[in-house]
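Accompanying notes for the structure given below.
This structure is a prediction, so every number in the text was calculated from the model and none was measured.
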Amino acid sequence: MSERGERPIKHSTEIVVVPHTHWDREWYEPFQRFRLRLVALLDEVLDTMEREPGYHFTLDGQLACVDDYLEVRPENRDRIAALVESGRLAIGPWQILLDEFLCSGENIVRNLELGMDRADKLGGAMPVGYLPDMFGHTAQMPQILRKAGLLHACVYRGVPSSVTTDAFAWVAPDGTALRTQYLPAGGYGNGAHLFYDTDGLAGRAAEFVKTMRAWHGPEGDLLAMYGTDHSAPVRGLPEMVKAIGARMDTLCGYIGTSEVEGLPRVHGELRSHARANILPGVISIRPHIKQAMGRAERMVERYAEPLAALWGGEWPGRFLDMAWWRLVDASGHDSVTGCGVDETAQQVAARIAEAEHLGQAVRDMVTARLAAAVPSDGVLVVNPTPDVRGGIVIVDVAGTDPLVDALGAPVPTQPLEYAPTLLLDAEMDPATALTFVHGTELYGQHITGWAVEDGTLTFMVARETSVVFDVAELRREALDGVTRVRIVAEPRRTVAAMVEVPPLGHTSLRPRPHGQVFDPPVPSGGLPGVQHHATCWMGSDSATLPVRGDEEVLDNGLLRVVINRDGTLTLIGQDGTTVSGAGRIVDGGDVGDTYNHAPPAADLIVSEPSSVEVETVWSGPLVAVADVRRTYTWPAAGDALDGAPEVPALSRTSRTEEIVVTTRVELRAGEPFVRLHITFDNRCDDHRVRLHIPLPAATAESYAEGQFAVVTRGLTAEGGCGETPLPTFPASSWVAAGGVAALLEHVTEYELVDGELALTLLRSVGYLSRNRNALRPEPAGPQLPAPAAQLRGVRSVSLALMPYESSWGEVVPQAEAFRHDLLVVPGLGDRDLPLPTPASGLSVTGEGVVMTSLRMRDDWRELRVVALTPDDTEAVISGRLLQARHADLRGRPGESLEVTDGVVRLPLKGWEIATIQIRQPATL
């Protein structure tokens with residue numbers, strides 16, 4: 001009998017109660033305000049667990065809770081470690097509960113790595129990939145978890161209606177199947193109602209068993225997740241658990257077997273609305289945060305780490321660790337999503353900016369090391385991709401001499417701009433002019449000399465100087481009679497240059513030194529008007545054709561771009577694939593919230609501009625650019641009755657704003673895609689702006705890249721829970737459908753609608769959540785103002801459009817090139833130095849093979865690749881390799897790999913993620 005004299009309630013099966021908290025690190029309050037509550041909660045948890053030996057607790061699957069607590073209570077580290085080692089307190093395996101679609105696949109891996117490594121120091125991570133509140137789940141998560149050593153997953157949102165049991169086999173694209181615990185009937189709070197008091201406890205327990213038995217079957221323990229958002233444990237819980245004949249445990253204590261045989265199988269991503277809201281509008285809200293995340297991830301993943309691993313000397317691990325901590329912290333499912341209050345969004349943006357700055361610092365440190373061997377009048381060009389790369393770079397150089405490479409061969413160039421040479425010419429007292437001087441710096445350049453003639457003091461300046469300038473010496477000169485001051489700069493120009501760069505390597509260019517002569521043979525074809533020394537580096541057997549452009553047509557032989565009278569574009573690929581009317585701007589109302597788009601009952605759609613202007617910027621032969629300016633009249637806001645947020649808007653306001661949308665259309669020689677840079681000043685509220693691209697061919701499917709996979713999606717989304725299942729989906733680096741692809745710089749929301757691909761450029765709303773959202777029957781959070789989510793001000797988006805003939809496989813290498821520009825760095829060496837010989841770092845090739853990471857781990861270089869193809873393939877890795885071995889996603893070494901003539905041939909299954917560790921010569 002219990003202490004209260006009551007007999008335990010008997011059931012045919014046992015309820016397993018898992019006390020826990022779901023801790024949103026930042027959301028409707030910013031991080032530090034929530035942390036104060038976290039410290040109080042964990043103080044109570046530790047006291048309770050030490051007082052009641054039968055108490056178990058699951059700390060939300062994320063180490064961030066522990067780290068945030070120990071920063072305030074470092075003296076409690078050993079208390080936490082003792083409870084973890086006893087098996088009563090479950091921590092990890094994640095560092096933070098992420099949003100899986102709004103960060104890169106590599107970010108997901110680093111999140112697990114950080115969380116599991118930190119948990120190991122405290123007694124070990126919970127061996128369950130706990131994903132309780134993410135807004136859907138990515139296709140490759142089973143493979144990621146398995147390759148990190150985890151055999152279980154646990155999910156809530158996104159599970160399709162075909163799942164009718166509380167466990168299923170979740171199958172990744174490569175075939176990896178993981179036993180997955182589903183949390184039906186209330187998700188991570190399905191048992192939160194059981195123990196709020198003792199009255200009626202038996203009845204609630206019986207009803208719980210009845211409900212869960214329908215999901216679990218007639219035999220076996222039933223999982224009761226006792227906890228909810230920011231919840232603390234109830235006092236006396238062990239006694240109440242005993243009173244209903246249940247037992248208390250952690251989540252991993254409940255989940256036993258990893259067996260998947262006999263379980264229903266679910267393939268790929270989980271984005272169904274059938275069982276729970278997945279709140280898809282978080283993909284498009286506060287797009288500046290998504291843009292910043294994409295930039296920062298690329299900076300760290302594809303520039304800072306690989307360049308430091310290959311060319312950086314001592315590994316700057318601490319700086320890169322700090323960058324990753326910030327990227328992982330920002331990936332939280334209430335952080336990068338933008339569905340918090342404005343203060344939260346500001347802090348997330350600052351965190352991402354710091355990560356990018358750390359990556360930039362490491363990148364610049366490495367390139368400065370390389371640029372020290374490049375003469376100061378030259379430039380270093382670095383290739384961040386692991387294959388031979390040809391393309392256009394924009395360089396700023398002095399003088400008017402032709403550019404040459406390390407062999408002295410002329411480089412194809414196109415002048416773009418000339419810098420002014422007369423920076424100042426004004427009557428003034430020379431003493432006043434001397435106050436402008438800072439050391440040798442004057443007007444952003446350095447003094448190379450000065451002269452006085454006919455009452456005029458003239459300073460000569462340049463980007464660099466060897467002159468030791470002494471202001472006092474100049475003052476001592478006879479400046480009597482000087483009434484005028486001039487500042488004259490050396491001639492400089494900005495040019496486009498076509499270069500070829502070795503894989504993950506570098507080359508360099510400079511103006512041809514005076515007296516140097518080079519007369520190479522000129523290949524047939526080639527670029528008229530420029531000196532040409534190489535055949536096409538973009539995959540053609542013939543020489544690269546020039547690009548020509550004006551206000552009507554841009555053409556480079558691979559793609560023809562016609563600028564239509566309404567400002568849209570007609571794209572004609574080399575194979576004849578035609579996209580007509582691409583780039584239509586469509587503005588509609590949005591009176592939803594940060595979680596869900598919702599149009600007004602009587603929406604007003606604006607898609608026709610009132611005027612169109614086109615201006616040629618550059619006409620070729622390497623780069624052709626035209627600016628298309630379209631003027632629109634957009635409603636200024638959603639017209640909610642009396643402005644009250646609880647009243648759904650019926651229409652958009654009659655008050656309007658005139659908005660000019662400028663699209664810079666850029667076509668480069670050798671590229672089969674057209675680059676677009678879209679800019680406008682958003683002076684309107686409560687609306688959604690989308691870019692529409694008509695499909696060349698009718699299709700019922702789209703293909704979108706993201707998180708180590710390419711996902712096929714249809715024209716609809718499965719509904720069922722009440723939330724309107726809008727078929728808007730995320731794409732990370734590209735999306736393709738019906739013969740046209742959009743190459744993207746950041747995660748972007750898209751939809752196939754009426755035979756067009758629609759990309760969301762902007763979604764403006766003013767509330768975190770509305771209690772009455774026309775497309776969602778219940779609140780997603782508190783109804784709090786979020787005025788900064790209207791995102792007023794200048795907005796800009798860069799992307800590219802590419803027609804393709806048969807398969808989205810054509811898009812993969814072009815997206816890699818578009819997203820990872822060649823890097824140009826000014827030379828830092830003595831001007832008398834010769835250009836260094838081009839050097840290769842590491843080559844990774846293979847059909848569908850994409851490099852996702854290259855870094856140092858101890859004294860090994862660790863490389864991660866993914867096969868973005870459904871077919872088995874092979875990664876060919878070369879670069880004077882000495883040793884190679886397999887590794888798991890946590891970097892733990894495995895079997896050795898054969899190295900033949902400095903090359904590793906790595907077989908890959910379709911969609912396989914593979915990590916290997918290699919050794920190369922100390923000096924590349």
Checking R463 against D396 for the salt bridge (Lys or Arg N to Asp or Glu O under 4.0 Å) test, could you report, in this order, the C-alpha distance in whole Å, the side-chain angles of both residues, the deciding distance, and whether it holds?
CA-CA 11 Å; R463 293 291 176 88; D396 178 85; 3.2 Å; yes
What verdict does the side chain to side chain contact (heavy atoms under 4.5 Å, CB included) test give for V665 and V625, after you've listed the backbone C-alpha separation in whole Å, the side-chain angles of each residue and the deciding distance to 0.1 Å?
CA-CA 6 Å; V665 183; V625 172; over 6 Å; no
Salt bridge (Lys or Arg N to Asp or Glu O under 4.0 Å), that's the test. Do D627 and R664 meet it? Break it down for me.
CA-CA 4 Å; D627 282 343; R664 173 153 287 196; 2.8 Å; yes
Quick one, R295 with E297, criterion salt bridge (Lys or Arg N to Asp or Glu O under 4.0 Å). Give me CA distance, side-chain angles, the key distance, then yes/no.
CA-CA 6 Å; R295 285 195 311 269; E297 286 176 332; over 6 Å; no
Stepwise salt bridge (Lys or Arg N to Asp or Glu O under 4.0 Å) check, R831 with E464:
CA-CA 10 Å; R831 186 167 283 211; E464 58 174 319; 2.6 Å; yes
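The backbone N or O of M460 sits less than 3.5 Å from a side-chain atom of T448, completing a donor-acceptor pair. With hydrogens and angles ignored, the 3.5 Å screen pairs no side-chain donor or acceptor of N383 with any backbone N or O of L822. A donor-acceptor contact shorter than 3.5 Å links the side chain of R298 to the backbone of R819. T458 places no side-chain N or O within 3.5 Å of a backbone atom of W450 that could act as its donor or acceptor partner. In terms of modelled atom types and a separation under 3.5 Å, the side chain of W315 and the main chain of A308 share no donor-acceptor contact. Without hydrogens or angle criteria, R668 side chain to V674 main chain gives no donor-acceptor distance under 3.5 Å. Between the side chain of D550 and the main chain of E552, a donor-acceptor pair closer than 3.5 Å is present.
Other residues, nucleotides and ligands contribute only 12 or fewer heavy atoms inside 6.0 Å of the CZ atom of R560. Within a 6.0 Å sphere centred on CG of D859, other residues, nucleotides and ligands contribute more than 12 heavy atoms. Surrounding CZ of F469 are more than 12 heavy atoms belonging to other residues, nucleotides or ligands, all under 6.0 Å away. The environment of CD in E847 is sparse: at most 12 heavy-atom neighbours from other residues, nucleotides or ligands sit within 6.0 Å.
Note on R302 versus E816: salt bridge recorded, some NZ/NE/NH1/NH2 to OD/OE distance being below 4.0 Å. With respect to R629 and E615, a salt bridge is recorded, a charged nitrogen being found less than 4.0 Å from a carboxylate O.
Y443 and F436 have tilted rings, their planes meeting at an angle from 30° to 60° on a 0 to 90° scale.
With a 6.0 Å cutoff to the six-membered ring centre and a 45° limit on the axis angle, R369 does not count as a cation-pi contact of W311.
Looking at E301 and S853, their side chains never come closer than 4.5 Å, going by heavy atoms from C-beta outward.
For S798, the side chain to side chain donor-acceptor pair (under 3.5 Å) partners at least two apart in sequence or on another chain are H677. In this structure, S508 has no side chain to side chain donor-acceptor pair (under 3.5 Å) partners at least two apart in sequence or on a different chain. Under the rule for a side chain to side chain donor-acceptor pair (under 3.5 Å), Q574 has no partner lying at least two apart in sequence or in another chain.
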